[in-house]
Trainee: 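Starting off with a structure, shown below.
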Amino acid sequence: PTVTPTVTPTVTPTEEPTVTPTVTPTAAPTDTPAPSPTDAPSATAAPSTVRLTPTTLTTRAGVRPAWKVAVSSSGNVDGGTVTLRAGSTTLGTAKVVRGTATVRLDARAVARVGSRAVVASYTGTSTAGPATARGRLRVVRAVARVRVTAPRTTVGARPVVTVRVGSTVPVTGRVDVYAGRTKVGTARVVRGVARVRLARTVTAKPRKVALTVRFRGSAHVAPATKTTRITVGRARARVTVDAPSMRVGRDAFVTVTVRGSGGQRPAGTVVVRLDGRPVAKVRLAGRASTVRFTVRVRTSRPGLRTATAI
């Protein structure tokens, strides 16, 4: 038999493509700045102690006191800050110089009356660690400054006394005025001023009356008292004379009107004069605030004549 040979194909290997590497330019190195030194306490900082002087600070509403804080440590305490807080409210901050800080309290810290706990926090330095101390702030009512202006007045009038009340905080409340033990007027304080209209019992007769002015006080301002005097003079009546045209040798009638001031009823004697010569005297009984009467007069010669009533 004839044997047929088997032909095995030969595989020619294909050359792999050559990869050309891409060169990426490298940025120039940047110098990293060295960190600046801080006063933050290090792990080896010495412990510190904070002391408030006084521990309990008392002030009046509206007055901003300074609270002294002392910091002691074996480390450096010439630096750092002290902050006073009442809860989440910051009352003031100050820098520590040679172990001492003076913190001026914020106006909001002393705006209302009351007592509250205060924490003083020291931030520390590179060699002195942070620390805290506790104290108490006590705010009492402010002092009221009272000024009184009392005008001169007359019998029967109702004068107005002006009272000015000042303090370190806004003032509200009422003012009462007394003559002896009797209250003779009251008014509300508006923008620091109260205008008190007095009762007519004060001006019942000519005299000098001692008045006591009392500010009742408010939630943030303490009460205050002031004394003054008011002078009551005699009431002055208004007199008018209506003199008509006259004829020689004939009667004429002069009309006299007397009005009391302040609702007073005029009393006493009115003298009517013609050219300076008394022609009539009329006595008023004080029964009405306005009195009107007529007087009969006569002239014997022509010319201008003057009629007066006193």
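Everything quoted here is computed from the prediction, not taken from an experiment. Both backbone and side-chain heavy atoms feed into the values below; hydrogens, waters and symmetry mates do not.
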Trainee: What residues join Leu57 in its hydrophobic cluster, counting side-chain heavy atom gaps under 4.5 Å, either direct or through other members?
Mentor: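 Noted: Leu57 shares its cluster with Val50, Leu52, Trp67, Val69, Val71, Val77, Val82, Leu84, Leu91, Val96, Val103, Leu105, Val110, Val118, Tyr122, Leu137, Val139.
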Trainee: More than 12 heavy atoms of other residues, nucleotides or ligands under 6.0 Å from CZ of Arg195: is that the case?
Mentor: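 For Arg195, atom CZ is not crowded (no more than 12 foreign heavy atoms under 6.0 Å).
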Trainee: Test of understanding: with side chain to side chain contact (heavy atoms under 4.5 Å, CB included), list the residues that count as partners of Pro278, not counting sequence neighbours.
Mentor: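 Side chain to side chain contact (heavy atoms under 4.5 Å, CB included) list for Pro278, sorted by chain: Val271, Arg273.
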Trainee: CZ of Arg116: more than 12 outside heavy atoms within 6.0 angstrom?
Mentor: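 It does: Arg116 CZ has more than 12 such atoms within range.
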Trainee: Does NZ belonging to Lys183 count more than 12 external heavy atoms closer than 6.0 Å?
Mentor: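 Atom NZ in Lys183 is crowded, with more than 12 foreign heavy atoms closer than 6.0 Å.
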Trainee: Taking side chain to side chain donor-acceptor pair (under 3.5 Å) as the definition, give me every residue that meets it alongside Ser115, ordered by chain and number, with sequence neighbours left out.
Mentor: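 By the side chain to side chain donor-acceptor pair (under 3.5 Å) rule, Ser115 matches Arg136.
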Trainee: Using the test side chain to side chain donor-acceptor pair (under 3.5 Å), find all partners of Arg104 that sit at least two apart in sequence or belong to another chain.
Mentor: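 Arg104: no side chain to side chain donor-acceptor pair (under 3.5 Å) contacts found.
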Trainee: Kindly state each residue pair satisfying salt bridge (Lys or Arg N to Asp or Glu O under 4.0 Å) with at least one member in residues 143-168, sequence neighbours excluded.
Mentor: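 Every candidate salt bridge (Lys or Arg N to Asp or Glu O under 4.0 Å) pair involving residues 143-168 fails, so no pair, neighbours aside, qualifies.
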Trainee: Residues two or more places apart in sequence or in another chain: which of them pass side chain to side chain donor-acceptor pair (under 3.5 Å) with Asp176?
Mentor: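 Asp176 satisfies side chain to side chain donor-acceptor pair (under 3.5 Å) with Thr186, Arg216 only.
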Trainee: Going by the rule side chain to side chain donor-acceptor pair (under 3.5 Å), which residues pair with Thr294 if we only count those two or more places apart in sequence or in a different chain?
Mentor: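 Residues passing side chain to side chain donor-acceptor pair (under 3.5 Å) with Thr294: none at all.
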Trainee: In chain order, what residues pass the salt bridge (Lys or Arg N to Asp or Glu O under 4.0 Å) check against Arg188, with sequence neighbours excluded?
Mentor: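 Salt bridge (Lys or Arg N to Asp or Glu O under 4.0 Å) check on Arg188 returns nothing, list empty.
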Trainee: Give the intermediate values and the outcome of side chain to side chain contact (heavy atoms under 4.5 Å, CB included) for residues Leu284 and Thr269.
Mentor: CA-CA 6 Å; Leu284 306 182; Thr269 302; over 6 Å; no
Trainee: Between Ser73 and Pro47 (side chain of the first, backbone of the second, donor and acceptor by atom type, cut-off under 3.5 Å), is there such a pair?
Mentor: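 Yes: the side chain of Ser73 pairs with the backbone of Pro47.
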Trainee: Show every side chain to side chain donor-acceptor pair (under 3.5 Å) that has at least one partner inside residues 220-234, sequence neighbours left out.
Mentor: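 Output for this query is empty, none listed.
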Trainee: Just to verify, what does Asp106 make a salt bridge (Lys or Arg N to Asp or Glu O under 4.0 Å) with, not counting sequence neighbours?
Mentor: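 Counting only residues at least two positions away or on another chain, Asp106 forms a salt bridge (Lys or Arg N to Asp or Glu O under 4.0 Å) with Arg108.
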Trainee: Heavy atoms, side chains only, cut-off 4.5 Å: are Thr83 and Thr90 in contact?
Mentor: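 Yes. Closest side-chain heavy atoms under 4.5 Å.
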Trainee: Compute both the distance and the angle, then confirm whether Arg214 meets the cation-pi test with Tyr178: under 6.0 Å from the six-membered ring centre, within 45 degrees of the axis.
Mentor: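 Relative to the ring axis of Tyr178, which defines the angle, Arg214 lies inside both limits.
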Trainee: Tell me, which pairs form a salt bridge (Lys or Arg N to Asp or Glu O under 4.0 Å) where one or both residues lie in residues 51-74, sequence neighbours left out?
Mentor: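 Residue pairs with at least one partner in residues 51-74: there are none.
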Trainee: Listed by chain and number, what are the salt bridge (Lys or Arg N to Asp or Glu O under 4.0 Å) partners of Arg283, not counting sequence neighbours?
Mentor: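 With neighbours one apart ignored, the set is empty.
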Trainee: To the nearest 0.5 Å, what is the distance between CG (Leu198) and OG1 (Thr203)?
Mentor: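 If we round to the nearest 0.5 Å, Leu198:CG and Thr203:OG1 are 8.0 Å apart.
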